[in-house]
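Bear in mind that the values here come from a model prediction, so they are computed numbers and not experimental data. We use all heavy atoms of the structure for the numbers below, so side chains are in, but hydrogens, waters and symmetry mates are not. In the text below, chain A, chain B and the rest are named by the order of the sequence lines, each starting its count at 1.
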2 protein chains.
Amino acid sequence: MTTSTRDRIIDSAASLIAERGFKRTSVDDVIARAELSGKSHFYHYFRSKDELGLEVLGRQFEGFAERGLAILREPMIEPLERLHLFIDSLVALQTERGFRIGSPFGNLASEMADMHEGFRERLTTVFDRWAKQLQALLWEMRPSLADDVDSARLSRFIIATLEGALMMSKVNRDAEMLRGIAADLKRFVGTHVREGVSST
Amino acid sequence: MTTSTRDRIIDSAASLIAERGFKRTSVDDVIARAELSGKSHFYHYFRSKDELGLEVLGRQFEGFAERGLAILREPMIEPLERLHLFIDSLVALQTERGFRIGSPFGNLASEMADMHEGFRERLTTVFDRWAKQLQALLWEMRPSLADDVDSARLSRFIIATLEGALMMSKVNRDAEMLRGIAADLKRFVGTHVREGVSST
DNA sequence: TGCACTTAGGACCACACGGTCCTATGATCC
DNA sequence: GGATCATAGGACCGTGTGGTCCTAAGTGCA
């Protein structure tokens with residue numbers, strides 16, 4: 001068995017949604033890219049377009065959690081360094097793709113959050129899990145962090161700034177601006193590190 | 001002469017777009033809310049829906065620049081205090097509106113930036129002008145800021161974080177999170193203030 | 001052999017949407 | 001009084017879209 005048809009549909013839809021957003025991706029587009037025989041073939045696997053959207057969103061985050069966030073868990077690299085690498089990886093990805101993407105979720109967030117309650121809930125868990133990963137990393141850094149650091153809050157801050165930066169870079173198409181914000185973000189995290197504590 | 005019909009159309013469209021986004025606002029919706037007699041009445045004033053969208057975006061920012069950003073220019077208040085009040089005003093606005101709005105521009109950015117080059121360009125100038133206002137404020141603070149502060153960069157950072165925070169609060173509907181990010185943002189700006197320089 | 005699932009393919013529907021066109025009635029102003 | 005603009009109202013169209021329905025052929029499994 002190669003990839004199942006269902007997976008093929010999801011992959012096709014995912015790439016289309018990444019390119020043009022959810023609303024502007026039609027079922028017919030998906031059928032064409034997945035090389036299905038027709039509508040009935042599609043509706044054999046999904047009850048509605050929304051169901052497909054939810055599934056794609058889920059997979060999208062699985063991928064992000066496994067690949068994108070993986071570096072946050074890398075045990076052989078120091079926590080702070082890992083965070084820096086993670087930030088850099090997002091910047092690099094966005095730059096590579098010509099600033100077309102924004103964030104995988106930021107886009108979907110604005111697009112879907114208010115149209116469909118199911119989407120919104122899914123998105124909250126996405127951000128929650130992302131925040132949890134960052135919190136875990138900050139927890140590891142604990143010995144070198146100032147005592148009053150609220151890691152839950154700081155992790156939200158990091159995500160918000162990254163999302164905002166990606167969104168703005170999508171509008172501005174400016175690599176420099178994106179790098180600047182990323183650098184400032186690192187700097188901000190740095191201000192939470194206690195002085196006189198070396199990291200290695 | 002009360003408000004002209006053209007203005008009435010723009011106002012109606014603006015409120016609809018704020019509620020549901022541009023794509024999900026149909027010309028018929030606008031006609032209904034503006035109480036026009038029909039399609040031809042609308043097309044008497046606008047050549048297309050896109051032309052209307054551009055106009056609304058323009059007005060939206062005029063309003064934001066005049067009212068929302070006004071506090072940044074308030075001469076009787078200290079610069080840093082002004083910045084704090086500005087941040088608080090965005091938080092308050094978003095909270096009042098039940099986290100439905102996000103940012104007036106962040107929404108449009110994700111929605112329109114990749115669909116229409118004209119929209120994207122307009123959005124860049126919007127963010128540029130916003131950034132300029134913040135830069136002017138930071139310039140006023142200059143005496144009390146550290147020497148290496150890059151005000152252009154910092155102003156972009158502030159905007160990105162605010163936009164990201166508003167977007168996330170739209171997904172999470174969490175007032176606490178929004179306040180936390182706002183507080184951290186103030187704190188970050190604070191780290192650029194030279195020590196031993198009192199502000200008044 | 002027979003059942004269940006998958007692929008194939010096409011006809012069809014209802015609806016929303018942006019946009020055009022045409023006619024007719026007031027109002028305003030030179 | 002004629003030209004121009006604003007309001008009124010409705011018919012109409014092309015297109016894209018999500019979704020239904022129906023038929024038929026192939027495939028694997030018990």
Side-chain angles (χ1 to χ4, degrees), chain A residues 1-58 107-108 111-120 122, chain B residues 1-57 107-108 111-119 122:
Chain A
M1 184 180 83
T2 58
T3 52
S4 78
T5 303
R6 197 159 195 280
D7 288 339
R8 219 173 67 230
I9 296 175
I10 291 171
D11 290 343
S12 306
S15 66
L16 284 165
I17 290 172
E19 287 166 24
R20 325 138 54 141
F22 178 71
K23 270 175 265 179
R24 271 162 55 215
T25 298
S26 75
V27 176
D28 281 329
D29 292 338
V30 175
I31 288 169
R33 183 161 300 190
E35 293 177 327
L36 302 178
S37 62
K39 281 260 176 78
S40 42
H41 199 179
F42 172 86
Y43 283 98
H44 181 67
Y45 289 96
F46 296 92
R47 283 215 297 268
S48 67
K49 191 194 170 190
D50 280 2
E51 189 181 296
L52 170 68
L54 234 31
E55 187 100 20
V56 168
L57 184 55
N107 290 347
L108 294 176
E111 195 181 351
M112 299 171 166
D114 46 1
M115 75 178 273
H116 197 303
E117 189 60 16
F119 282 135
R120 212 203 92 242
R122 193 79 148 226
Chain B
M1 185 178 83
T2 59
T3 52
S4 78
T5 303
R6 198 160 196 278
D7 287 341
R8 220 173 67 230
I9 295 177
I10 291 172
D11 290 343
S12 305
S15 66
L16 284 164
I17 291 173
E19 286 166 25
R20 316 125 78 130
F22 179 71
K23 271 175 264 179
R24 273 162 55 218
T25 297
S26 74
V27 175
D28 282 329
D29 292 338
V30 175
I31 288 168
R33 182 160 302 189
E35 294 177 324
L36 302 177
S37 62
K39 280 260 175 76
S40 40
H41 199 179
F42 173 87
Y43 282 99
H44 181 67
Y45 289 96
F46 295 93
R47 281 214 298 267
S48 68
K49 190 193 170 191
D50 282 1
E51 189 181 296
L52 170 68
L54 236 30
E55 187 100 20
V56 168
L57 184 54
N107 290 347
L108 294 176
E111 194 181 351
M112 298 171 166
D114 46 1
M115 75 177 273
H116 198 302
E117 191 59 17
F119 282 134
R122 193 79 148 224

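The ring pair (Phe, Tyr, Trp, His ring centres under 6.0 Å) search around B:Phe42 returns B:Phe46, not counting sequence neighbours. With sequence neighbours excluded, the residues forming a salt bridge (charged side-chain N to carboxylate O under 4.0 Å, His left out) with B:Asp7 are B:Arg59, listed by chain and number. Among residues two or more places apart in sequence or in another chain, the side chain to side chain donor-acceptor pair (under 3.5 Å) test is passed with A:Ser37 by A:His41. Every ring pair (Phe, Tyr, Trp, His ring centres under 6.0 Å) that B:Phe119 has, sequence neighbours left out, goes to B:Phe22, B:His116. Among residues two or more places apart in sequence or in another chain, the salt bridge (charged side-chain N to carboxylate O under 4.0 Å, His left out) test is passed with A:Arg120 by A:Glu117. With sequence neighbours excluded, the residues that form a salt bridge (charged side-chain N to carboxylate O under 4.0 Å, His left out) with A:Asp28 are A:Lys39. Checked against side chain to side chain donor-acceptor pair (under 3.5 Å), B:Ser26 has the following partners two or more places apart in sequence or in another chain: B:Asp29. Residues satisfying the side chain to side chain donor-acceptor pair (under 3.5 Å) criterion with B:Asp11, sequence neighbours excluded, are absent altogether. Legend: residues meeting salt bridge (charged side-chain N to carboxylate O under 4.0 Å, His left out) with A:Glu19, ordered by chain and number and at least two apart, are A:Arg33.
Within residues 36-43 of chain B, the residues approaching DNA chain D are B:Ser37, B:Ser40, B:His41, by heavy-atom distance under 4.0 Å.
Enclosure of atom CD in B:Glu51 by more than 12 non-hydrogen atoms of other residues, nucleotides or ligands within 6.0 angstrom is indicated.
When rounded to the nearest whole Å, the span between OH of B:Tyr45 and P of C:dG19 equals 19 Å. Atom CD1 of A:Ile31 is separated from atom P of C:dT7 by 13 Å (rounded to the nearest Å). Rounded to an integer number of Å, the gap from B:His44 NE2 to C:dT25 C1' is 14 Å. Atom CG in B:Asp29 sits about 14 Å away from atom P in C:dG19, given to the nearest Å.
Between the two ends of the helix from C:dT1-D:dA30 to C:dA24-D:dT7, each summarised by a five-pair axis, the helix axis turns through 0° (rounded to 10 degrees).
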task: Could you walk me through whether A:Leu57 and A:Ile17 pass side chain to side chain contact (heavy atoms under 4.5 Å, CB included), step by step?
output: CA-CA 10 Å; A:Leu57 184 55; A:Ile17 290 172; over 6 Å; no
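Running 5' to 3' along DNA chain D, contacts with non-hydrogen atoms of chain B at under 4.0 Å begin and end at D:dA6 to D:dG10.
Residue contacts shown for A:Phe46 are absent, as no nucleic acid heavy atom lies under 4.0 Å away.
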